[in-house]
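Below is one structure, written out as structure tokens, with a few remarks after it.
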Amino acid sequence: MEQLHNTTLPFPGSGLAKRIVPCLDVKDGRTVKGVNFVDLRDAGDPVELAWNYSQQGADELVFLDITATHERRKTMVELVKSVARQINIPFTIGGGINEIGDADALLNAGADKISINSAAVRNPELIDELAKAFGVQFVIVAVDTRRIDDKNIVHLNGGRIATELETLSWIKEAESRGAGEILLTSMDHDGTKAGFDNTLLKTVNNAVHIPVIASGGAGSVEHFVDVFEQTNVDAALAASVFHYGEILIPDLKNVLRANNIEVR
Amino acid sequence: MEGNDTKDNTQALPQDNELPLQGAGELGIIRYGAGNIFSLTSALDRLGIAYGMVHTEEDLARFDRYIIPGVGHAGAAMNKLEQTGLVPAIKALKKPTLGICVGMQLMTAYSEEGDANLLNIFPNKTLRFKDSEHYKVPHTGWNRVSQQKENPLFNGIPNDAHFYFVHSYYIEYNELYTLASTNYSLPYSASIWHNNFYGVQFHPEKSGVYGETLLANFSKI
């Protein structure tokens, strides 16, 4: 079996790559945050933007749909179909998924995963139902967390509304109910460009047996090195540093590689 | 959908009414109700590979090669496949046949998932990854695929290229049948090959350019 050994790999026995995940905010089928990193014909077209990221070497994409009209499911399904037709990497869709029917429509349109946040807090059994219907690999539970006094507390509505839930215990509950992955956003770090919340991410990553995606605070290439080295999370997500071209994914991957972090 | 000139008359494909029906006589996707295939057919569309759907034994004759897709629970998938009545015909296929993910696991003898006896085209077993501190289950993400043999399926694909995996069950490594291996807590079969039968555990339709290369290679085998 000697020919099997990949002794050069940084993580013995596995070449599983750390994932770099750009996140796109979408409203009524259009990206809403400014984008100015490449020669896009239409910077508001989520499909063209997604295609560009896939060409740059993004490992996965997250679309966060913030459409607020009653047409939401229809516009999300159309978006997912367009993305699935064009993009050759996995993608997740989140925002406004409240019931099995939403998830089923998105799965049939080609989504690889869905992400649920407030709906899971309001109705934790939704996690069980989704995992049972579609498999745990389809269900990401997104958690927005903020520190209050000395505690990490789950928040809703983009960090505006505090819940009663302590973050780590909620994440463990989500895992036991059938979450296949956790997308953890630190609202204290989000937008600061001062780095990920490595302390909390390490605690969470050590406490669960499902993949953890770090989010909130990415400002430089070094922040990605830090989060992977210090916490061993599986993936790191960012939006504006990619959209504004402050970090180019090929450069980021070269730096990660130089730091012996396995990347694709 | 270019090249849609088939005289495909089959009495409807009710659950496929949103899918393009391209030229028959090419690649047949075996339909048995396990999993969504929109991503797979989208990849074939991008590559310009013509395909159609196989629901019955008669459909098989219309195609030159086959894909057995599959997502979800192997035992449940086998039950659905048995309900189609296609099992004996699939086992007797002489044309190139590619199983993807659970579709590949169905070609093994047995799966721990559902304690199920499967097609037994390959004598290997499908086992569950052991829970461990260092290896999360399901195995999710891009991992290296190490080619163990020469085969046109991997033409133009560098050794140890990354492919996209999502699975909790794996096929044992076997020197005779393992075409490519991946290490995740242990070396297992990322791809298997025997005569006209091929399988890949990863999702070529989600594995970037190399995944598309693999599908294009299969369309020419």
Side-chain angles (χ1 to χ4, degrees), chain A residues 1 3-6 8-9 11-21 54-55 57-60 80-91 104 106-113 132-138 140 175 180-181 205-206 208-213 232 234-235 262-264, chain B residues 15 18 20 35-43 45-47 71-73 102 131-149 159-168 173 175 178 181-188 203-212 215:
Chain A
M1 307 262 284
Q3 78 274 24
L4 292 176
H5 291 301
N6 267 318
T8 55
L9 298 177
F11 303 108
S14 175
L16 185 61
K18 299 299 186 188
R19 285 173 274 151
I20 300 300
V21 186
S54 71
Q55 295 302 106
D59 298 300
E60 195 166 320
V80 167
K81 277 189 179 171
S82 314
V83 173
R85 281 193 193 99
Q86 300 297 331
I87 308 300
N88 58 16
I89 58 172
F91 68 95
D104 193 44
L106 296 168
L107 174 74
N108 285 315
D112 297 282
K113 311 177 197 179
K132 196 168 173 220
F134 308 111
V136 297
Q137 82 292 335
F138 188 61
I140 296 184
E175 179 184 28
E181 207 159 0
N205 192 60
N206 288 343
V208 297
H209 296 94
I210 51 178
V212 174
I213 304 168
N232 203 26
D234 301 86
E262 177 81 11
V263 289
R264 177 169 73 102
Chain B
Q15 61 272 63
E18 289 192 357
N36 176 269
I37 59 163
F38 189 79
S39 296
L40 174 63
T41 55
S42 295
D45 287 338
R46 288 196 300 275
L47 292 162
V71 177
H73 186 281
V102 170
D131 287 309
S132 83
E133 201 180 320
H134 300 291
Y135 296 96
K136 296 171 177 178
V137 181
H139 174 216
T140 304
W142 299 80
N143 207 333
R144 290 179 184 261
V145 171
S146 169
Q147 296 166 33
Q148 305 291 305
K149 294 175 179 158
N159 197 22
D160 289 335
H162 284 94
F163 286 82
Y164 187 76
F165 292 85
V166 187
H167 62 125
S168 299
Y173 183 88
E175 284 194 4
T178 301
S181 70
T182 290
N183 287 1
Y184 192 69
S185 75
L186 78 176
Y188 69 90
H203 288 273
E205 73 278 18
K206 289 288 171 181
S207 290
V209 170
Y210 296 137
E212 291 178 343
L215 289 172

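Keep in mind that the numbers below use all heavy atoms, side chains included, and drop hydrogens, waters and symmetry copies.
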> Which atoms of B:H73 come close to chain A, meaning under 4.5 Å heavy atom to heavy atom: side chain ones, backbone ones, both, or neither?
Replying inline: neither
> Which region of A:R264, side chain (C-beta onward) or backbone (N, CA, C, O), has a non-hydrogen atom less than 4.5 Å from a non-hydrogen atom of chain B, or is it both or neither?
Replying inline: both
>> Which atoms of B:E212 are under 4.5 Å from chain A, going by heavy atoms: the side chain, the backbone, both sets, or neither?
In response: side chain
>> Heavy-atom cut-off 4.5 Å, strictly under: side chain, backbone, both or neither for B:T140 against chain A?
In response: both
> Going by an N to O cut-off under 4.0 Å, is there a salt bridge joining B:D45 and A:R85?
Replying inline: no
> Using non-hydrogen atoms only, which part of A:A111 is less than 4.5 Å away from chain B: side chain, backbone, both, or neither?
Replying inline: neither
> Closest approach of B:F38 and A:A109, non-hydrogen atoms and distance?
Replying inline: CD2-O, 3.2 Å
>> Is B:V145 close to chain A through its backbone or its side chain, or both, or neither, when contacts mean heavy atoms under 4.5 Å?
In response: neither
>> Just so I understand: if I count every heavy-atom pair under 4.5 Å between each of A:E60, A:Q55, A:Q86 and chain B, which residue has the most?
In response: A:Q86
>> At a heavy-atom distance under 4.5 Å, which candidate from B:H139, B:K136, B:H167 has the highest pair count against chain A?
In response: B:K136
> Just wondering, do A:L16 and B:Y184 contact through their side chains at under 4.5 Å, heavy atoms?
Replying inline: yes
> Picking from B:G141, B:G211, B:P204, which has the most non-hydrogen pairs under 4.5 angstrom with chain A?
Replying inline: B:G141
>> Is there a side-chain contact (heavy atoms from CB on, under 4.5 Å) between B:D131 and A:H209? Walk through the geometry before answering.
In response: CA-CA 8 Å; B:D131 287 309; A:H209 296 94; 5.7 Å; no
> What heavy-atom pair brings B:S39 and A:G110 nearest, and what distance separates the two atoms?
Replying inline: OG-O, 3.5 Å
>> Can you tell me which portion of A:D112 sits under 4.5 Å from chain B's heavy atoms? Options are side chain, backbone, both or neither.
In response: side chain
> A:V263 versus chain B, heavy atoms under 4.5 Å apart: side chain, backbone, both or neither?
Replying inline: backbone
> Do B:H162 and A:E262 have side-chain N/O donor and acceptor atoms under 3.5 Å apart?
Replying inline: yes
> Does B:W142 use its side chain to pair, donor to acceptor, with the backbone of A:D59 at less than 3.5 Å?
Replying inline: yes
> Can you name the nearest heavy-atom pair linking A:N88 to B:V209, along with the distance?
Replying inline: ND2-N, 3.8 Å
> Relative to chain A, which segment of B:S168 carries a heavy atom at a distance below 4.5 Å: side chain, backbone, both, or neither?
Replying inline: neither
> Is the number of heavy atoms from other residues, nucleotides or ligands under 6.0 Å of B:K149 NZ greater than 12?
Replying inline: yes
> Heavy-atom count around B:Y210 OH within 6.0 Å, excluding the residue itself: above 12?
Replying inline: no
